Structures are given as C-alpha cells and as structure tokens.
Amino acid sequence: MPGKLKVKIVAGRHLPVMDRASDLTDAFVEVKFGNTTFKTDVYLKSLNPQWNSEWFKFEVDDEDLQDEPLQITVLDHDTYSANDAIGKVYIDIDPLLYSEAATVISGWFPIYDTIHGIRGEINVVVKVDLFNDLNRFRQSSCGVKFFCTTSIPKCYRAVIIHGFVEELVVNEDPEYQWIDRIRTPRASNEARQRLISLMSGELQRKIGLKVLEMRGNAVVGYLQCFDLEGESGLVVRAIGTACTLDKLSSPAAFLPACNSPSKEMKESPLVHPPSHGCRSTHNSPIHTATGSRLTQNFSVSVPTLIYTGMGSGSAGKEGGPFKALLRQQTQSALEQREFPFFTLTAFPPGFLVHVGGVVSARSVKLLDRIHNPDEPETRDAWWAEIRQEIKSHAKALGCHAVVGYSESTSICEEVCILSASGTAAVLNPRFLQDGTVEGCLEQRLEENLSTRCGFCHIPYDELNMPFPAHLTYCYNCRKQKVPDVLFTTIDLPTDATVIGKGCLIQARLCRLKKKAQAEANATAISNLLPFMEYEVHTQLMNKLKLKGMNALFGLRIQITVGENMLMGLASATGVYLAALPTPGGIQIAGKTPNDGSYEQHISHMQKKINDTIAKNKELYEINPPEISEEIIGSPIPEPRQRSRLLRSQSESSDEVTELDLSHGKKDAFVLEIDDTDAMEDVHSLLTDVPPPSGFYSCNTEIMPGINNWTSEIQMFTSVRVIRLSSLNLTNQALNKNFNDLCENLLKSLYFKLRSMIPCCLCHVNFTVSLPEDELIQVTVTAVAITFDKNQALQTTKTSVEKSLQRASTDNEELLQFPLELCSDSLPSHPFPPVKEHLESASSNSGIPAAQRDRCSSWIELIKLKAQTIRRGSIKTTVTVEKASPVGDGNFRNRSAPPCANSTVGVVKMTPLSFIPGAKITKYLGIINMFFIRETTSLREEGGVSGFLHAFIAEVFAMVRAHVAALGGNAVVSYIMKQCVFMENPNKNQAQCLINVSGDAVVFVRESDLEVVSSQQPTTNCQSSCTEGEVTT
Amino acid sequence: MTSELDIFVGNTTLIDEDVYRLWLDGYSVTDAVALRVRSGILEQTGATAAVLQSDTMDHYRTFHMLERLLHAPPKLLHQLIFQIPPSRQALLIERYYAFDEAFVWEVLGKKLSKGTKKDLDDISTKTGITLKSCRRQFDNFKRVFKVVEEMRGSLVDNIQQHFLLSDRLARDYAAIVFFANNRFETGKKKLQYLSFGDFAFCAELMIQNGTLGAVDSQMDDMDMDLDKEFLQDMKELKVLAADKDLLDLHKSLVCTALLGKLGVFSEMEANFKNLSRGLVNVAAKLTHNKDVRDLFVDLVEKFVEPCRSDHWPLSDVRFFLNQYSASVHSLDGFRHQALWDRYMGTLRGCLLRLYHD
C-alpha cells in the first residue's frame, strides 16, 4: 500500500442560495476517492461556510492514485428531503506523484455543476504521502512526467529521445447506456465526466509503463484525445514521445568536461533503472529488450537502393561516407522501433538532419459496437494500419523517421475517418540511442555539415525520386540539392534562415456528398477523399506562390465528415526559406483561344495576380538577395513538377491507392481556366485579404521574422456556428460560405485585438466540425503577442543582410561571419564584449583540457574555436531576440515566487511552449480536464452564444484555478482538443463537451531576474562551450 | 448564411471602454453599432459593419455577465470566472456606479422605493437618458442605500468598503443616501438653479456636523440620520429671533462690525431682522420631519433669494455670515453658544455654497 492521500476542506465562498426561505445554505462536503467517502459537518446558514475539517486520509495503492480523480461534492443539507447537490470539483492528483512537480495542491476551486455551471468556490488542501521506496515506486508509472509541450521543456535537457508511445482504452459511453433513460441529465453528465477522467488516468498510467520499459522518464508532446463514437462507445487514445530528460539544475555550474550523452547515462543510473516487470495489458514490439541495443548499433542496416544513391551525388568531400555511416547508425536505432514517430515539432539543435516532406494517411472506417472494453484490438489495429502506411511513405521519401506526428479522427454517425500526418525526416542518431564513443567522431563531422540549411536538403536520391520534383542546388551552401517547395508539419527550426516574415496560409474546401448508409456512405467518402486532398494541396500551393513564399511549416489538414458534406481545412505558416529557390509566379491560361474579350479578361486576371504577388512580397518583406547563375550553378536538368506531399487514403479493405499530387509535367505553375469552377478558384485566391497593418498571424509557435516579443499576451477561443440555407446548395456556394466564415472570423479577431497592435497571432488553431446537417462550426484558439516594432525592423534588416552576405561568402568565411555581424551591425547590442568574453571563455574553461588533448593538431583547435565562437555568437543573438524556445534551455531553475499580488492571482494561458519575456522555472504537471455543460433553459441563459460564452469562460476559470492551486502562474502548450456543441432550440436545450489540456508551470518575468542580464553572456558562452564539447 | 453562434472568450477579459459606455448608457446593440459606425471606427480600422456588430454583441454579452458581479463589487475582485486586471476592475466598477447629473437631480431626496421606479419612465422622457440607464442608476442608488442603511460607522467609508468606489464617487453616494434618507426636498422650482455638487457639498457638511456620528466619535454610527437631540435642542435658538432685545443687540453688533466693510451695508441693515429671523426659524423648526425636508427650500427662500434680489456679492455674504455667527458670542443673555456654533458652522458653509445664480 504505497500511498496516503490527505484532504482537508477549509472553506467555501459565494455559495448559491439553496434555501429560498432564509436566503442561505446549509452546506457540507463529501470527499470521495475510489470507494471511500468522508463527510464534513454541516455548516448551517451561510453562503461562506468555514468547515476547517480534519485531514481526511485515504490509504490507497498507487495504481488508484494514478487512475482515480479526487471527487469533492458540495451539498446542501436538508432535514426532510434528499440533500441537494450544489456542485463538484474533480482534482487530478497526478502532479503530486512525481517528486519535482507540485508538493501540495491548495487553493480555491470553482464548484462546478453540469447544469448550473460554476456555483461558488471551495478551498481545499490535498497532499500525498508516498511511503514506498524508489524501487517500488517505479513499479507503477507514477514517476513518469508528462508534458503537452511538443518540444523539450525549457528547464530540461534531452538525454535520449526514445520515440513513439501510444495507447488507447475503450469503454461504453454512459450517455448511451439503458440506464440513461431513467436517470437525470446531471447524473448522466457526471457519470460521463467521471468515466473519462478515470479512462484518462488509466491511459496515462499505461503510457507511463511503456515509457519505463523504454527506460525513459518522461513523455513529451503528449496528446490525448477522446472519440465519442456514440452507440459504439467511447475511445480515449493518446500518443507521445518517450524521452529521458535531465533537469537543468544550477545555472552557475559548468557541465562536466566530457559531456557526451553516453557518459551522462552511465553516470546517472536513475535515468535507467533496472527493468521491472511489465504490467501493460497489451504489448507491442516496441518492448524489445533495450539492453541489446548497444551492440546492434552498427550491425543492422542494409541500405536500400534509395539510401545508397544518396550521399555520393552531391554531398561533397567528407559528406558521402559520413552520411552513409550516419544513416546506418540512425536507421539501426530506429529500425528496432515499430513506429519511428515523434510527436515533437521543435527539436534540440542538431537533431533534425533532413526533412523529406509531409506524409499523411487517412482511412475510412465503419464503427461497430465495442463488445469487450478490455480488448480494444479493433481500434488498435486500425491505428496500427495507418501508422504502417505513414512509415512506408516516409521510407519512400528516403526518411527513416516521422516528426511532428499527430493523429485525429472525425466521426459522423457510424462513419469514422482516421487521419495521421507528420513530416518525414532524417534524424541525428545522437539523441536516439545510447551514443557510443566511436560515434563522437562522426558526430563532429556531422556538426560541420549541418549548417543552417541542412534540414532543407533532400534526403532521397535524386535519380530515384519517389515522385517528380524540381531540384536545385541549395541557395545557401550550394553543395546539396534542395526541392523548390517544402511542406512540413513541424515548427520552423530556430536556426533556419528566413527572409522576411511569415504568414498564415489556409486552404478551405467543402464537398457535398449524398446522404447514405453504412458501407455506401463509407465508400462515397473514400471516393471523395483523394479529390479533396488534391484540391487542398493545389490551393495551398497557389496561395503559397501568391505570397511569394516557398515553404510551409506547421501544416495541419483537417478533414471533417458530416451527414451531407465533407469539409477540408488546411492551415500552415508560409515562409521564404533562404535555402530554397525563389518561387515562380502563377500563370493563367485560358482554354478557349481566339476570343478577344476572353483573352483580355485572362490578361487582366494575370495582372491582378502578379500585382498581388508583388504586394505580398512587399508586405512580408520578402526581398531575397539576387544571386547570379554562376554561383548557384546550372539547375539540375530535371524540369519536372513538384510536390512534397505524398499521401494515400485507404478504405477498410486494405486497398492502398497512392495519390500523386504533382501536376503533370508542366514547366511553370499554370492555372487553367477552363470552366467556371476554375474561375471561382482564381477569384477565391484573390479574395483572401491580408491582415490589417500591424498584425501578423501564423499557426506555428513563433512568427518567422519577428523576434522581439514584449510581454503582453492574450490567449482566446472564438467559436462560430453558421446555418447554411438548405436550398440548392452547390459546392461553390458551400465553398464561398465556408471561406467567408473563416475570413470573417479572422477579421473579427483582428478587430477585437486591435489595441494590441503591433502584435502577432501565434499558434492559430482552427477546428471545423459539422454538428448537424446545415450547421458548420469553426473553433479557433490562438494567442496574440505584442512585439516591439522598431526592433523588429532592425532585426529583419540584419537577417536580410545576413542572408545577402552569406550568399556571397564561401563556407570558410561563413564560420566567422555571424560574429562580425553581431558586433558590427548591432551597435546597440547589450553585450558588446561577447567576442572577447567568448574567446577568453573558450581558452580558459570553454574547451577543457581533456578535449584539447584530443584535438590532434592546433589547426583543429583553431577550427573548433572558430566554431565555438560562431555558435556562441549565434546563440547570443538568439537570446537577445528572445526568440529561441530551445536555446533558452540553459536558464536553469530559479525558485522565485510568482509575481501576483492581487486578490486572485493572475494565471496566464498560452498555446505556446513559452511565455515571452519570462523564464519557465518549473513544470508542475499536466492539466487535462474534461467538462460537460447542459442547459434546459437556453433562452434564459442568453441563447446559444450566451450559453457557450459562459461555459468557455468557466472552463478557463477552472483551468486557472487548478494551476493556481498547484502553485503555478501559467499554462503553456494549452490546447482545446474538443468542443462539441449540440443544441435543440425547440426544446430550449443545449449541451456542450469541452476537453482541454496543457502544462502547468511557474514562470518568472525576466525583468524580475535582474541577475540574469548580467549572467547572460556567461550562460551563452557556457552553452556554446557545452556544444563544443559535444561535438568533439 | 446566418450566424447562429458567435463568441470570443479571452483568458484576460477584453473590455472596450467605448462599448462599455454605450452599454451603460443603455443603448441597444443596434443603436450602439450605429453610434460606433458614426464614430468613424470602420474607416480607422478597415473593419466591416458585420465585424462591428459581432464585436458589440460580444462585449454586451460580457457586460451582461459581469453585471451580476458589479452589483457586489467585492465579488468582482474575488470571482474566478473573469480574469480582469485590477485597473480594469476599478474602471468597470467606477463607471458602473457613475451617474448622470440630470438623473440624480430627478431622484435626489426622493424615497428610493418601487413607487419611484415607476416614475423612471417619466424621468427618461424628461432627461433623454435611456430607460435602461435610468434603471441602472436608480438601482445603484437603491442598492447602496440598502447596504449601508443599517450600518455603523462612517457613511463614506462604508460605501467605499462595500462598493470599492473612488473617494469622490463614494462621497457623492453618501450625499445621495443621506438625501434619500432625510428626504430633503430638491425638486422645487426655486432650487432648480442648484447643481448636484451643491447639494452634495451641503450633505457632506451636514453629515460632518449634523448627524449622530458627528458629535460623538465613540458612538460613531448612523451617519445617515440627523442627530435628533441636536435638532430638538435647536428649538432653544428661537430666542434669537423671538427676543426683540436680543435681536436688536445682535443687529447692532453685526452692523458695527461691518460698517464700511460691506458694499451692501444699507440693504443688510434693512434686511437684518428678516434674514436673522429666517435663519433662526429654520433651525428651530427642524424638529418636524416636514420642515427638515424643506430645509433647502427654506434656506433659499429665507436667505439666498432676499440677498440675491439685493445683489449682494458673494464676498459680502461671507463677511455677513461670519460676523453674524461670531457676534452671537457677545450676546450676554444667550446661553447656547455651542449649539449655535454647530448649527451656524454647517449653515454658513451651506449658504455660501448655495449662494450663486
């Protein structure tokens, strides 16, 4: 019996009046955990009762601690009739189960009722005593930390990134059980909330077990979703990336001399405790014995044709053999895994070697009742199938891994579309496995190679391309080949060189579909899917070109199924990558020749498009340096069309059709206007209005080209539902409606947030659902962040200069260049003596003696130094610009109290993994909450808008209260995963389900850390030294 | 395509001051949108009317949800649903409890009961303030009145504590509550020239000197009610008007002191007995509730109007009143010096404030 849970009920306030006669309430509290219940005394006649109860103690075993929520019910005592429930509070005690997170949960929680909403607050203190030793503790998965953040959390360092973990649990939905006919809506809602809470706990515990088996200690990029399959049940599923994280402790201490990952691991046995018995109910091949990995390092790989062709072509002198080696090494590490997937979207420097492109897979399934909740095999098999497909797509792109991986579903009646997507990539093996001493040499070579453009270089063989593509030599290093357009699902790597600013690009599409039943319906949907994919892709491509950009990051394509239509919504952030070629324009061609007026019309359109491109280039400050042909070298003679997207969709019948999204063998990008449809398309291209001046938007973590965020942030959720007129719906009308809906929504956001100008909407996340026949619901969550305009201009300028100069310098000069830039072009630089400082640092302590010995000649030492300096200087710029979420890792934990003084402490919420102008000092645990709200007096609550507005505000309040009770002052990586809204205005009823999650953190304002500014140079140089060490 | 649902919820509740003002002023969403369009906001921001409509609706909904909390401002501070920075909270409260001069004029000194509420319609028509806004202002008065009615301690402090108002606004509310409690007549035509500020000023003086809390800080309660004992005692002042010798003596003392110092000396001399009798009788009559209510009417009738018709400059009024109240100390036969000082102290201040065109 490993744990004692202690709960104390202190007081209540603002309780509702339960006794009309006295206008007061006789409140008492029931505290329930598992099957044990305690009660407080009744506090008579007060709306602000002071119970001050004893400590209620629950002696429970750790499995329950992980699965069960603490359930607190506030009731009104009634002598003659049954006690009336006022409301409930569910507290997830998981954050108390790992040592580094919160130690106590204490604070005011809103008392929530699914019918009445928040009704007062209750002050509760919760503690957990774990009197087991570490070993026993490890037998459950209690110690595993969970993070929603899709990058390595700020105050941690990734020792190893193990890979993909997934799990799902199924159950019957209480809403659809027979008993629901006789119980109250409240009872039914509460049963559902409780069940989902339980299932989430169970799921998390099971995932934790898998992580322990992989010898990890944390899950990063944890994404848990639930599928309401209606009659057929309830599925809660989760994916994540298992990691071994190391807490960055004291900021002053320099890391030990030889800091290779392998050493680290040997030195820290805690990270890899001896393997224990596995309690997971269903195994996957992931669980191969980890002990054998070391020996397998270089033995496995048999490179396929694609791989062998690779390195030799254009890699340059040392690149070829090295690359092959790297490939073997990485591949072997990954090949042991069933799915080499990573839910991360941002990576430690050097992790990402090459990016292939977006891979995605969809599958249409017919739901059937889940007969045995203990055997979730069917759903497991479905996902396994899809993942297999993704894996094979990645392989076809010459990649051995998929990053930025995510999964989603769309359900309508008994049809379900499962989707998965990610970015095929080649990874650096360093983080993936227990690195070896021999590996170090190659790694250093690798470091040399992986310049800022490295990730753009094609991972596949140019002679043996999986699809037609147009390749050129990289505009940055001019040694490797790059595609002309790059689509990815990840965030822009921090070291990528971008010209100008980025912008949000959306493709929107509707397709009508006949109402049908079962198989016919599924077939109809799967027949439509490829067309939708194609059109979405075309739209994205057109819009990207219209913006004068050449790469998409954070691409997310959502296909939603409804009764009589399919909706596709793709969002991404377009940027101009300096390494990729300048995008060509869009040519319009008419199909009907010899018609004067028509020709005129066409040329008019063409002019308009050209004007738009020019205007956009100006707007987003895209002015790439002119590069003469000789420098680049002649283009590779392969003038074929492009596509970075390789997808397929399959039906239940395993039949896989591959969709080639390239546009035939046309030289330029030509839009043919052959019918009114095409005309519409061109028009819709031009109707997208850019955000008003002072506004930028993107759906990635940070906006490329803006680096000087100020501290004001505003997270928001906006929901719109429109009713389509059911008369003569056509695809065009539907498209227009949908397009208008999204555009108007964006316009409204810009207007609402105008007081924050200049500002940027980051992490703009659109979700579409089709709750009913004629209803379209769009939910947007994003954060507006202010920035300093003046500085922004300056940095853009320098970045342009940078790229300009970089283009004309050769590789050797490149090494030293950024340093010069730092001291020269930024005269107002806060840390002018960086150069000296770094130099002294690297000669004194930066490069430890041990390493100096290893450098065989003084030339190498100089080279290494140069490199160190370069890194250091880059780092400095990055820190000054406050842009790098990864680079911040070295600001270690600082235990300063949150800076809230008002009566209710301010809790910030943001979908980003960081808080501008602040340092996250502690992660307190994951927040994962599920709420149902129902009303039978919709009109009285202000109609649907009033109802949902109040509910979302309440959800925010409950999230904030939980964070505050954990001792935190912010939620990062916040996401509203689900917002299911159903209404029945005729019955005056509505119901809504919301699922949110995020990481509770403690942050400290940078301005509060006066020390930091003086320490910054030190820290920077330290980071550079660290990296230097790793490379050797 | 119709919008069924359209909401925006920020982690920090967005408050648009302009829309808040429109909402407080009781405009419907449609009117508010029209007014905003007229303000030129569309041109400034490049937004469309639809965007403005949606934005206005959204703010109105938020304000509607906040209204419940604004009724008990400390709740707004402690609630968890809306995250609002303290400065914004203060602004919300202050603006919510602010009132229109024209409106307060209409209800000042009236009983804050339901009966009066029916008159809100008339007030609305008369003042041009929307009925909604009238209702809010009236309900605010009533709510504050109800809360502090039975409370001990300083009226202003109580109001400030329970409604978190600024000092100035709390003083105004104290005046309103004080007037409502004592039902001073303010609606007479004669009093039309006075502003709310004038009344509020007098109310403050009266609270300081004329209420129970004023005399004895030990038993400081009931700032709202006039000190009954004091009012009763003031009957004794009657002698100043009733006793002819005393009156003559008083007159000669004042005249001697003011000779050559007053521009309107002859008018003063001629009118002294009337004025003095008027002021003394006002004091002596205050035992009757009816006369308390008419206090301001009486003061204007008995003092302000006669002086004004003789074109006394304000400085002369001040000279006169100072001398008038000081001279009583030299009246040997008069024993109620302390009482007189308490009365005249308040009255002098009030009269000086009331004396203008």
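The sequence lines fix the lettering, A, B, ..., with proteins before strands; numbering per chain opens at 1. Atom set for the values below is all heavy atoms of this structure, side chains included, hydrogens, waters and symmetry mates excluded. This structure is a prediction, so every number in the text was calculated from the model and none was measured.
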Is [Y] close to [X] at the side-chain level, that is, under 4.5 Å between some pair of heavy atoms?
X	Y	value
Phe947(A)	Leu5(B)	no
Asn744(A)	Val51(B)	no
Met909(A)	Gln83(B)	no

- [ ] Give a yes or no on whether the backbone of Asn11(B) and the side-chain of Arg960(A) come within a donor-acceptor separation of less than 3.5 Å.
- [x]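 Answer holds: yes.
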
Checking the side chain of Ser945(A) only, and the main-chain atoms of Ile7(B) only, is there a donor and an acceptor separated by less than 3.5 Å?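 Checked: no pair found.
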
Nearest heavy-atom neighbours spanning Phe751(A) and Ile41(B) =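 That would be CZ-CD1, 3.8 Å.
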
Checklist entry - Can you name the nearest heavy-atom pair linking Thr12(B) to Gln714(A), along with the distance? => result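 Of all heavy-atom pairs spanning Thr12(B) and Gln714(A), the closest is O-NE2, 2.7 Å.
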
When rounded to the nearest 0.5 angstrom, what is the spacing between [atom1] in [X] and [atom2] in [Y]?
X	Y	atom1	atom2	value
Leu749(A)	Phe8(B)	CG	CZ	6.5 Å
His14(A)	His78(B)	NE2	NE2	6.5 Å
His949(A)	Arg61(B)	NE2	CZ	6.0 Å
Gln79(B)	Trp108(A)	CD	CH2	14.0 Å

Worksheet entry | Arg754(A) with Asp16(B): basic N within carboxylate O range, under 4.0 Å |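 Counted as a salt bridge, because a side-chain N and a carboxylate O are separated by less than 4.0 Å.
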
Please look at [X] and chain B and tell me whether the side chain, the backbone, both or neither of the residue comes under 4.5 angstrom of a heavy atom of that chain.
X	result
Tyr750(A)	neither
Gln777(A)	neither
Val783(A)	neither
Leu775(A)	side chain
Leu948(A)	both
Ile757(A)	neither

- Query: Stepwise, does the side chain to side chain contact (heavy atoms under 4.5 Å, CB included) test hold for Phe956(A) with Val9(B)?
  - Reply: CA-CA 9 Å; Phe956(A) 285 2; Val9(B) 191; 3.9 Å; yes

- side chain to side chain contact (heavy atoms under 4.5 Å, CB included) between Glu4(B) and Arg720(A), intermediate numbers included: CA-CA 7 Å; Glu4(B) 283 271 304; Arg720(A) 272 194 192 187; over 6 Å; no

Could you please spell out the steps behind the salt bridge (charged side-chain N to carboxylate O under 4.0 Å, His left out) verdict for Asp58(B) and Lys752(A)? CA-CA 10 Å; Asp58(B) 219 59; Lys752(A) 279 212 173 283; 3.5 Å; yes

*asked:* Heavy-atom pairs under 4.5 Å with chain B: which of Thr910(A), Val907(A), Thr781(A) has the most?
replied: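 Option with the greatest count: Val907(A).
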
(request) For Met57(B), look at atom CE and say whether over 12 heavy atoms of other residues, nucleotides or ligands are found less than 6.0 Å away. (result)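 Counting other residues, nucleotides and ligands, CE of Met57(B) stays at 12 neighbours or fewer.
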
Discussion item. Check this for me: His71(B), atom NE2, are more than 12 non-hydrogen atoms of other residues, nucleotides or ligands nearer than 6.0 Å?
Written reply: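 Check passes, neighbour count above 12.
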
